[in-house]
Amino acid sequence: MASVTSLSHSVEQRLASALSAALPEAVGADPLLRRSDRADYQANGILALAKKSKANPRELATQVVSQVVTGDLIKDIEVSGPGFLNVTITDSAIIENLGARYADAGRLGVPVADAPGTTVIDYAQPNVAKEMHVGHLRSAVIGAAVTEILEFTGESVVRRHHIGDWGTQFGMLIQYLDEHPHELDHKDSRVSGEEAMSNLDRLYKAARRLFDADEEFKTRARRRVVNLQAGDPHTLAVWQRFVDESKIYFFSVFEKLDMEIRDEDIVGESGYNDMLAETCRLLEESGVAVRSEGALCVFFDDVKGPDGNPVPLIVQKSDGGYGYAATDLSAIRDRVFQLKADRLVYVVDARQSLHFKMVFETARRAGWLNGEATAHQLAFGTVLGKDGKPFKTREGETVKLVDLLDEAVDRATAVVREKAEKVGLSERAIEENGRYVGVGAVKYADLSTSAVRDYKFDLDQMVSLNGDTSVYLQYAYARIQSILRKAGEARPVAHPELELAPAERALGLHLDQFGETVHEVAAAYEPHKLAAYLYQLASHLTTFYDQCHVLSADNAPEVVENRLFLVDLTGRTLHKGMALLGIRTPERL
Ligand code: ARG
């Protein structure tokens, strides 16, 4: 388990020390190294540094070049243009570096962060007694990927599924169930998620009908809300039945999503009930919140309604009730002071951005969020239909997540089946791969565009074998495994003494960037950059196959071994990267 310094970082260090030798005031300056078409890397940092010190950039660049030792790592370094440096790496350094990554099977040489901390991530937060929709899909998929990526960099991550399990809407449901206690009974102890949801749906509709038609029921339902908030044990017991029934459904959807959600990480809105009164007291005593028309409010200079009047964050309503904001503020106190979070991340729809802006600002004023603990909303955009409008069924209803996943799996299974005969897949394997490909397609489509952008949900495109899709990456992986199986006696072995073809170098230099990509992605919560990295990796692999035969009889044995080694490391990197995104890579496809 040794972490590997990337080639680009080693070059950067060499350039930085050559630079400070040539120009003492440039100590610690970044030479700004980038991948380049002309050489392996280009350093663009000299121009600005020369300008600052009133030196001639080309002269400074020439001086730097004369300070750089070449041979082991850097093969060639030359000045180009007005003062850029073009750097070429030795073939041996590339293979040695990759060999060290290959030897570290678990982490592929990726180092852990220098100073990891604790992150509490709030994601996958559906609502009790309600169907999950595509918005919940995004939160779950993005949140799970960010969680995996952060953990891989060494961060301690606490998951919080802030489900909507509290509020006045439960009064009607509880009252109805209390009057019809057998409505949620099960014939069988093994209830499917589908059945649970249809029970809840039926009950919701019946309760609604009665609520709208029967004034006396309405009164009883309203009284129920009061009992619920007062913590009446019987009312709570009935409420708990809704939560339990909903969890059966949630877990079934998460399982369909091939995602592990743990019961102990589900801490819904109700989990903060005991803190609400104190949260309000602290805010009022510190003057952060003020009473306005009976309600406890926090005002902001830059938050105004269309009429120009300030729109406050309401922490407590004038009737004494607490809402969404009080719960989120209490959750911040819990996460910062009990869970000792350094960072809070909220994977929530961009349409809730104003809410979080006000909640975070309130917590800052109260001193709960300060330099030591920070909060960030990882906001995501809306899922659109093929027509570019918010995703709805033809009847105009919101699309059920389950239907979507089922359709994705059906389509994917058809794609897998078409190729199955050639690969010799059993019916069971076809079905399993169909699930992994279908669910992977949905996750990848979600993760491969920047989260805040809206994206079009287009199943045809998602399961396409060409282009930036998970299927393309899964096939790249399966093809690698097939080559490794076909290699027979030949084994993957790194041979640093060999001269590399351009496509081998390009693939190798990209493999070298895996760790840096993961760390960048973790720091900015941008899984789409990992998806882009993996797609480029698969593209480099395709070019490599075109230009370099792996198992050709014309190859010297060490060339075969070295190419198998490159292919195998690419496979491991794809596998790890996809796993971080929550996507499986079947061995045969
Ligand atoms: N349950 C909410 C919804 O479905 C999302 C909760 C987001 N998390 C939070 N801490 N407010 O929109």
Side-chain angles (χ1 to χ4, degrees), residues 119-144 146-147 157-170 173 197 200 204 239 242-243 246-247 249-251 253-254 257 261 265-273 275-276 279 298 313-315 322-339 341 343-364 368-369 373-383 390-391 398-402 446 451-452 454 525:
T119 295
V120 175
I121 180 165
D122 185 314
Y123 73 101
Q125 326 98 326
N127 299 317
V128 162
K130 283 202 187 140
E131 192 87 50
M132 285 174 77
H133 55 69
V134 282
H136 296 125
L137 168 78
R138 294 211 77 184
S139 176
V141 168
I142 297 168
V146 169
T147 301
V157 182
V158 181
R159 299 147 170 85
R160 279 294 174 263
H161 309 295
H162 196 89
I163 60 170
D165 63 354
W166 201 249
T168 47
Q169 71 274 22
F170 286 100
L173 287 172
M197 191 60 236
L200 288 166
Y204 181 87
W239 164 82
F242 283 102
V243 176
S246 296
K247 280 189 183 174
Y249 162 70
F250 296 158
F251 282 123
V253 179
F254 290 131
L257 272 171
I261 299 286
D265 298 330
I266 301 182
V267 181
E269 295 176 19
S270 67
Y272 304 95
N273 279 342
M275 300 177 71
L276 301 174
T279 296
V298 183
L313 182 73
I314 298 179
V315 190
Y322 304 104
Y324 198 47
T327 307
D328 264 325
L329 286 163
S330 302
I332 290 180
R333 289 174 54 218
D334 181 57
R335 292 167 190 187
V336 172
F337 300 115
Q338 301 301 317
L339 300 175
R343 285 169 280 273
L344 307 181
V345 180
Y346 293 78
V347 190
V348 184
D349 197 311
R351 286 169 287 195
Q352 294 188 32
S353 292
L354 182 60
H355 165 76
F356 283 105
K357 179 182 141 113
M358 295 197 285
V359 164
F360 295 164
E361 177 58 23
T362 301
R364 262 179 233 120
W368 304 333
L369 287 175
T374 55
H376 175 79
Q377 183 193 0
L378 203 177
F380 54 80
T382 307
V383 183
F391 205 37
T398 49
V399 183
K400 292 182 192 170
L401 181 48
V402 181
D446 199 329
V452 325
D454 296 347
Y525 311 118

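Each ligand, and each atom within it, is numbered from 1 in the order the structure gives. Small disclaimer: the values here were computed from a predicted structure and weren't measured. When a residue number appears, it is its place in the shown sequence, counting from 1.
Between F250 and H136, the distance separating the two ring centers is not shorter than 6.0 angstrom. Taking the six-membered ring for Trp and the full ring otherwise, the centers of Y272 and Y322 sit at least 6.0 Å from each other.
For the side chain to side chain contact (heavy atoms under 4.5 Å, CB included) test, residues two or more places apart in sequence or in another chain that qualify with Y324 are E269, D328, Q352, H355. In this structure, the side chain to side chain contact (heavy atoms under 4.5 Å, CB included) partners of Y204, at least two apart in sequence or on a different chain, are M172, L173, R208. Applying the side chain to side chain contact (heavy atoms under 4.5 Å, CB included) rule to D265 yields the partners R159, R160, H161, R262; only residues at least two apart in sequence or on another chain are considered.
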Q | Stepwise side-chain contact (heavy atoms from CB on, under 4.5 Å) check, L369 with F360 | A | CA-CA 7 Å; L369 287 175; F360 295 164; 4.3 Å; yes
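Within 4.0 Å of ligand 1, protein heavy atoms come from D122, Q125, N127, H136, H162, Y324, D328, Y346, V348, Q352, F356.
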